[in-house]
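What follows is a single structure, written as structure tokens, with notes after it.
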Amino acid sequence: MNTIMEHKRLEGGGYLLFLALITLGFAFIIWPFLLPILWAALAAIMFQPMFRWFRTKLKGDNRAAIATLLVITIAVIIPAFLIGGVVVEQATSVVVAFQEGRIDLAAWFETIFSALPAVLRENLENSGLGSPELIQQRAQELALESSGLIARQAVSITGSAIGFVLAFGVGLYVAYFLLRDGKRIGTQIINHLPLGSDIAQQLANRFLSIVRATVKGSIVVGLTQGALGSITYWIAGMPSVVLLGLLTAFFSLLPAIGPAIVWAPVAIYLLAIGDIWQGVVVLIPGVAIIGMADNVLRPILVGRDTGIPDWIILISTLGGIATTGLAGIVIGPMAAGLFLAGWSILYQSRSDGALPAGSATGGTGPEAAKEHA
């Protein structure tokens, strides 16, 4: 009898090892398309209500999925490509202007520096930051490094154009099936997780709420603040308004100060060079409109979807961007939210006098949950 049990344990352990190896192998194979799959999953989650609306109108899942993809392409993908092209063009022109000396940062610095209080000017001079020549030199060095980076990225994008088109096609293809069959696929994933059914359902609900809160609370609010910033900079007569708007949207991810990192220096510069009404045009909307947009829109769009503290959102967002690029805007807060959710579930289970179902004996179903209750 003991020999039979040992054989069963060995067979079970061998199967788990086999399952782990083939899972790692499959992950390795699809790794080049991981980001397109991620964006497809996010699109399917966010546009699921639209898919359901199309399904009731068009009377079919396939037609509803195709119609939803058309809306995503026209309303999201095409504008993103157009804005991205303008941003690259404006960023390149700024770099070239620095290289050719057409942007005289030393003169700008001298103008702003002379408008500062005498005590502050003296402190800057004592710290070595009062030299306009030094500022111009550092700016040109930064421009040279940036131009090299832009050139490398351009070569990389051009050299992998086929790969980009393939990844884009894979993303749309996966998004179609996730829109059409997302609910069934999600249910199957939850049922196959090696966790108790109630714990798996809690984590799934938490995952969906974090995705919705991140996309609506970070991306939508950030794009709104960036658009408001671009309009404000355009009214004030600033150059490269699309680039400045994108920077405003990006820095809106940072809690508290956020977009002020962009519009405040712009307003100070305009006031320092004597463009008073332009500086006021940037300053007042920056405080009253751009800055307040987050406080107005976030509660409406997000509500109580997530309770992640601001400082954790900041760290996880910056860390996600540093490790995974643009997708880190979503991946970082998602990881942080699931981390907090997992530990809060464990804490709640311990407070109730029971561990999460399946965590001790390996059970994963309702029966295991009853045994631990």
Side-chain angles (χ1 to χ4, degrees), residues 83-84 86-125 127-144 146-147 150 221-297:
I83 294 174
V86 175
V87 168
V88 171
E89 180 181 354
Q90 292 185 357
T92 304
S93 65
V94 170
V95 171
V96 173
F98 267 113
Q99 288 179 307
E100 296 178 351
R102 288 186 282 110
I103 297 181
D104 191 357
L105 194 61
W108 294 358
F109 177 81
E110 186 65 32
T111 302
I112 297 175
F113 184 77
S114 61
L116 296 175
V119 176
L120 184 55
R121 291 201 304 267
E122 183 179 353
N123 291 332
L124 289 175
E125 289 175 351
S127 61
L129 298 177
S131 172
E133 292 77 13
L134 179 62
I135 298 296
Q136 181 72 18
Q137 180 184 353
R138 294 290 183 267
Q140 288 178 350
E141 292 175 356
L142 178 62
L144 288 174
S146 301
S147 62
I150 292 174
V221 174
L223 291 177
T224 301
Q225 290 180 308
L228 293 173
S230 294
I231 295 172
T232 302
Y233 305 139
W234 176 74
I235 294 174
M238 290 294 295
S240 303
V241 293
V242 179
L243 177 61
L244 290 174
L246 180 64
L247 292 175
T248 303
F250 176 79
F251 283 108
S252 69
L253 298 173
L254 304 180
I257 51 175
I261 296 176
V262 180
W263 64 256
V266 171
I268 293 173
Y269 162 73
L270 291 172
L271 293 173
I273 64 175
D275 294 340
I276 303 300
W277 75 264
Q278 292 93 334
V280 173
V281 163
V282 175
L283 183 62
I284 294 179
V287 176
I289 300 178
I290 300 175
M292 295 300 295
D294 180 83
N295 298 329
V296 174
L297 293 177

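- Using a 4.5 Å heavy-atom threshold, the side chains of L283 and W263 count as touching.
- Within the structure, side-chain hydrogen bond (donor to acceptor under 3.5 Å, both in side chains) pairs that include any residue of residues 270-283 do not occur (at least two apart or interchain).
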I'd like a table of donor-acceptor pairs (distance under 3.5 Å, sequence neighbours excluded) in which one partner is a side-chain atom from residues 227-242, with atom names and distances.
residue	atom	partner	partner atom	Å
S230	OG	G226	O	3.1
S230	OG	V241	O	3.2
T232	OG1	L228	O	2.8
Y233	OH	T248	OG1	3.0

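- Judged by distance alone, with hydrogens and angles left aside, the side-chain atoms of Q90 form a donor-acceptor pair with the main-chain N or O of L243 at under 3.5 Å.
- In terms of heavy atoms, G222 sits closest to A249 at O-CB, 3.1 Å.
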